[in-house]
*Asks:* 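Sharing a structure with you now.
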Amino acid sequence: MTRTISVLGSTGSIGRQTLEVAEQLGLRAAALTAHNSVERMEEQARRFRPRLAVLTDEAAARDLARRLADTDTKVLGGQEALAEAAALPEADTVVTAVVGVAGLRPTLAAIEAGKRIALANKETLVCAGKLVMDAADRCGAQIVPVDSEHSAIFQCVQGCADRREIKRLILTCSGGPFYGKHSAEVGKMTRADALRHPNWRMGPKITVDCATLMNKGLEVIEAMRLYRLPLDQVDVVIHRQSIVHSLVEFRDGAVLAQLGTPDMRLPIRYAMTWPNRGVNPAEPLDLLTCPPLTFAPPDRETFPCLRLAEEAAEEGGTACAILNGANEAAVELFLAERIGFSRIAELVAAARAAVPVVQDPSLEEILAADRAAREAVAAAYQK
Ligand code: NDP
Ligand code: MG
């Protein structure tokens, strides 16, 4: 069980819920990091008294250093400082709750330092899954997923020593706010519409990914990497209620599922307490009052991002890094209200067509693919 954590992305949705769980479990914090949320970081640093606080924005870090001058917390600025935070010796677990590919290098640094990784930052596995999983094997670093679907699968496969027993993983998907709408209607949806998720409150990037179903596409790739399974063993079903968090079908036909209220503090707590279970102070699931559980196939025509992700997964190499980089850039444009909703998938498809795929890539080739994808999106946007 975890005693001391470092949280990369502590001011975000997952980061804040992680600190809430940490407080309940009586865990200490060694390092906290964020991008530029000075006030929130000051408040967290005063509450958790970490040895190190990092803001990747240099000016914000200077401001934070002035504010925390009366404390024992050391403040560092810049993207490179994330690696130092990730490898701090006193932490046994590093929670990766940074959004986007920015989480890749620090996750690798934490793995190299032999930490347990409570992994929320799915983009890292999407872009560099093989590299990350191989590094974890080599360094003996345990990766415990925080993403609710992958935590569900992780819980279902506890005690399954031979992964060949797994026939198929079934990821559940809420369908997002535009479920059931026609393509023409979906195309008119605004930033505000996309940010209204029916079941979860999350950071803006993942909330948009849920609306396009790119999130489920990224999660298919995340599951393939975590369990080293091919695409045809990872399925997606729409489950509007977000109560069944995912399922595993074994080769004898048994299907195991994990159920719970839609509350990220549950998978976060499990990642902290694994292989044990902590006590959940929140509302328990009541089967007699919860809505009927329904399942349906996803609509890959109206939501092409899921298909684009599956195609990238099939192609392998840097295809997923290109997909992810293009999606990050396109979602940024959508959040800035510079493109409409349907343009996200179009720009991702344009970048995938424009950037060549490299097989068996190095870290540098993966990061180059990410950059090329962002440039391809910028070029397609300006056309
Ligand atoms: P948020 O946007 O709420 O938080 C992101 C965090 O990362 C903030 O602390 C932010 O700091 C920091 N950050 C942003 N950009 C950078 C950067 N370039 N370098 C370093 N730090 C940065 O995101 P979420 O908490 O929603 O998501 C975090 C990760 O967890 C994502 O990968 C997401 O897919 C995954 N996830 C999230 C779930 C959820 O319920 N939210 C569920 C499952 C997975 P600042 O505040 O200063 O901007
Ligand atoms: Mg998820």
Side-chain angles (χ1 to χ4, degrees), residues 6-21 31-44 53-61 63-64 76-83 85-86 95-107 117-127 145-154 171-176 195 197 199-210 213-223 226 236 239 242 244-246 258 262-268 271 324 327-328 331-332 335 370 374:
S6 287
V7 187
L8 311 180
S10 63
T11 55
S13 158
I14 292 288
R16 295 196 310 271
Q17 294 180 84
T18 298
L19 291 180
E20 199 185 308
V21 170
L32 301 178
T33 85
H35 175 53
N36 63 3
S37 297
V38 178
E39 277 169 20
R40 200 164 256 166
M41 181 57 90
E42 179 186 0
E43 185 257 317
Q44 291 183 345
V54 173
L55 289 178
T56 48
D57 182 293
E58 303 269 8
D63 184 8
L64 183 69
L76 288 177
Q79 209 72 36
E80 303 72 44
L82 286 184
V95 183
T96 63
V98 170
V99 59
V101 74
L104 175 53
R105 279 188 192 277
T107 302
I117 310 295
L119 188 129
N121 176 235
K122 66 191 83 184
E123 294 91 345
T124 282
L125 279 186
V126 168
C127 295
V146 166
D147 210 348
S148 57
E149 296 78 1
H150 306 75
S151 172
I153 291 165
F154 186 74
L171 300 179
T172 53
C173 172
S174 74
L195 289 179
H197 193 279
N199 304 341
W200 302 95
R201 290 185 56 78
M202 307 171 288
K205 191 264 179 181
I206 184 176
T207 307
V208 173
D209 286 348
C210 286
L213 294 205
M214 180 59 93
N215 182 54
K216 208 50 54 179
L218 300 179
E219 290 185 354
V220 166
I221 302 166
E222 182 184 9
L226 278 170
V236 174
H239 167 55
S242 297
V244 178
H245 295 306
S246 279
Q258 185 257 331
D263 181 343
M264 282 310 295
R265 290 169 300 185
L266 297 177
I268 292 170
N324 179 74
N327 182 58
E328 286 190 30
V331 170
E332 233 169 75
L335 284 170
D370 171 73
R374 289 165 197 269

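What you see below is based on every heavy atom in this structure, not just the backbone, and it leaves out hydrogens, waters and symmetry mates. For the single chain, residues carry numbers from 1 onward in sequence order. All ligand and atom numbering here is 1-based and tracks the order in the structure.
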*Asks:* Would you say the side chains of His197 and Thr207 form a donor-acceptor pair under 3.5 Å?
*Replies:*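 No, Thr207 and His197 have no side-chain donor paired with an acceptor closer than 3.5 Å.
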*Asks:* May I ask you to check if ligand 1 and Ser148 share an N or O to N or O distance below 3.5 Å?
*Replies:*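 For ligand 1, there is no N or O atom that lies under 3.5 Å from one belonging to Ser148.
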*Asks:* Who's the nearest protein heavy-atom neighbour of atom 32 (O) of ligand 1, and how far?
*Replies:*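 Going by distance alone, atom 32 (O) of ligand 1 is nearest to Glu123 OE1, 2.6 Å.
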*Asks:* Is it the case that the side chains of Ser246 and His150 hold a donor-acceptor pair, with the cut-off being a distance below 3.5 Å and no angle test?
*Replies:*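 The criterion, which ignores hydrogens and geometry beyond distance, is not satisfied for Ser246 and His150.
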*Asks:* For atom 45 (P) of ligand 1, what's the nearest protein heavy-atom neighbour? Residue, atom name and distance, please.
*Replies:*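 Ranking protein heavy atoms by distance from atom 45 (P) of ligand 1, first comes Ser37 OG, 3.2 Å.
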*Asks:* Considering only non-hydrogen protein atoms, determine which one is nearest to atom 40 (O) of ligand 1 and report residue, atom name and distance to 0.1 Å.
*Replies:*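 I find the closest protein heavy atom is Met202 CG, 3.1 Å.
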*Asks:* Can you list, by chain and residue number, the protein N, O or S atoms under 2.8 Å from the Mg ion (ligand 2)?
*Replies:*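 As for protein N, O or S atoms lying under 2.8 Å from the Mg ion (ligand 2), they are Asp147 OD1, Glu149 OE1, Glu219 OE2.
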*Asks:* Could you check Glu219, His245, Glu222, Lys122 and say which one makes a side-chain contact (heavy atoms from CB on, under 4.5 Å) with Glu149?
*Replies:*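 That would be Glu219; it is the only one of Glu219, His245, Glu222, Lys122 passing the side-chain contact (heavy atoms from CB on, under 4.5 Å) with Glu149.
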*Asks:* Numbering the atoms of ligand 1 from 1, which are under 4.0 Å from a heavy atom of Ile14?
*Replies:*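 Near Ile14, meaning under 4.0 Å from one of its heavy atoms, ligand 1 has 25 (O), 30 (O), 37 (C), 38 (C), 39 (C), 40 (O), 41 (N), 42 (C).
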*Asks:* For atom 33 (C) of ligand 1, which protein heavy atom lies nearest, and how many Å away is it?
*Replies:*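 The protein heavy atom lying closest is Ile206 CD1, 3.9 Å.
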*Asks:* For residues 12-21, pull every pair meeting salt bridge (Lys or Arg N to Asp or Glu O under 4.0 Å), keeping only residues two or more places apart or in separate chains.
*Replies:*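 The answer is Glu20-Arg265.
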*Asks:* Run Val99 and Asn121 through side-chain contact (heavy atoms from CB on, under 4.5 Å) and show every step you take.
*Replies:* CA-CA 6 Å; Val99 59; Asn121 176 235; 5.6 Å; no
*Asks:* Do me a favour and list the nearest non-hydrogen protein atom to atom 6 (C) of ligand 1 with residue, atom name and distance?
*Replies:*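 Answer, as residue, atom name and distance: Ala97 O, 3.6 Å.
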*Asks:* Can Val101 and Thr124 be said to form a side-chain contact (heavy atoms from CB on, under 4.5 Å), step by step?
*Replies:* CA-CA 6 Å; Val101 74; Thr124 282; over 6 Å; no
*Asks:* Nearest to atom 19 (N) of ligand 1 by heavy atom, Arg40, Lys122, Gln79, His197: which?
*Replies:*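 It is Gln79 that holds the nearest heavy atom.
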*Asks:* Give the numbers and elements of all ligand 1 atoms closer than 4.0 Å to a heavy atom of Ala120.
*Replies:*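 This gives 30 (O), 32 (O), 35 (C), 36 (N), 44 (C) as the contact atoms.
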*Asks:* Applying side-chain contact (heavy atoms from CB on, under 4.5 Å), run through Val146 and Leu119 and close with a yes or a no.
*Replies:* CA-CA 5 Å; Val146 166; Leu119 188 129; 5.8 Å; no
*Asks:* State which residue, out of Asn215, Asn327, Leu195, fulfils the side-chain contact (heavy atoms from CB on, under 4.5 Å) condition with Val208.
*Replies:*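 With Val208 as partner, side-chain contact (heavy atoms from CB on, under 4.5 Å) holds for just one option, Leu195.
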*Asks:* Looking at non-hydrogen atoms alone, which of Asn36, Val98, Leu119 comes nearest to atom 29 (C) of ligand 1?
*Replies:*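 Heavy atom nearest to atom 29 (C) of ligand 1 belongs to Val98.
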*Asks:* What atoms in ligand 1 come closer than 4.0 Å to a heavy atom of Thr56?
*Replies:*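 Listed by number with element, the hits are 19 (N), 20 (C).
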*Asks:* Looking only at the side chains, is there a donor atom on one of Ser242 and Asn199 sitting less than 3.5 Å from an acceptor on the other?
*Replies:*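 Per modelled atom types, Ser242 and Asn199 side chains form a pair under 3.5 Å.
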*Asks:* Verify side-chain contact (heavy atoms from CB on, under 4.5 Å) between Thr33 and Thr56, making sure each step is shown before the conclusion.
*Replies:* CA-CA 8 Å; Thr33 85; Thr56 48; over 6 Å; no
*Asks:* State the CG-CD distance between Leu19 and Gln17, to the nearest 0.5 angstrom.
*Replies:*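 Output value for this atom pair is 10.5 Å.
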*Asks:* Does the distance from a Lys or Arg side-chain N to an Asp or Glu carboxylate O, for Arg40 and Glu43, drop under 4.0 Å?
*Replies:*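 Result for this pair is no, no salt bridge flagged.
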*Asks:* Checking a contact table here: which protein heavy atom is nearest atom 18 (N) of ligand 1, and how many Å away?
*Replies:*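 Its nearest protein heavy-atom neighbour is Ala102 CB, 3.6 Å.
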*Asks:* Using non-hydrogen atoms of the residue, decide whether Met264 is closer than 4.0 angstrom to ligand 1.
*Replies:*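 Yes.
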*Asks:* Can you tell me which residue and heavy atom of the protein come closest to atom 48 (O) of ligand 1, and the distance to 0.1 Å?
*Replies:*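 Result for atom 48 (O) of ligand 1: His35 CB, 3.6 Å.
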*Asks:* Nearest protein heavy atom to atom 14 (C) of ligand 1, by residue and atom, and its distance?
*Replies:*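 I find the closest protein heavy atom is Val99 CG1, 3.7 Å.
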*Asks:* Look only at the side chain of His35 and the backbone of Leu55, and say whether a donor-acceptor pair between them is shorter than 3.5 Å.
*Replies:*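 Checked: no pair found.
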*Asks:* Are any side-chain N or O atoms of Gln258 and backbone N or O atoms of Val244, one a donor and one an acceptor, separated by less than 3.5 Å?
*Replies:*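 Looks like no, no N/O pair under 3.5 Å.
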*Asks:* Is any N or O atom of Gly12, backbone or side chain, closer than 3.5 Å to an N or O atom of ligand 1?
*Replies:*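 Among all N and O atoms of Gly12, at least one is under 3.5 Å from an N or O of ligand 1.
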*Asks:* Atom 2 (O) of ligand 1: which of Gly203, Ser13, Ala85, Gly15 has the nearest heavy atom?
*Replies:*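 Result: the heavy atom closest to atom 2 (O) of ligand 1 is in Gly203.
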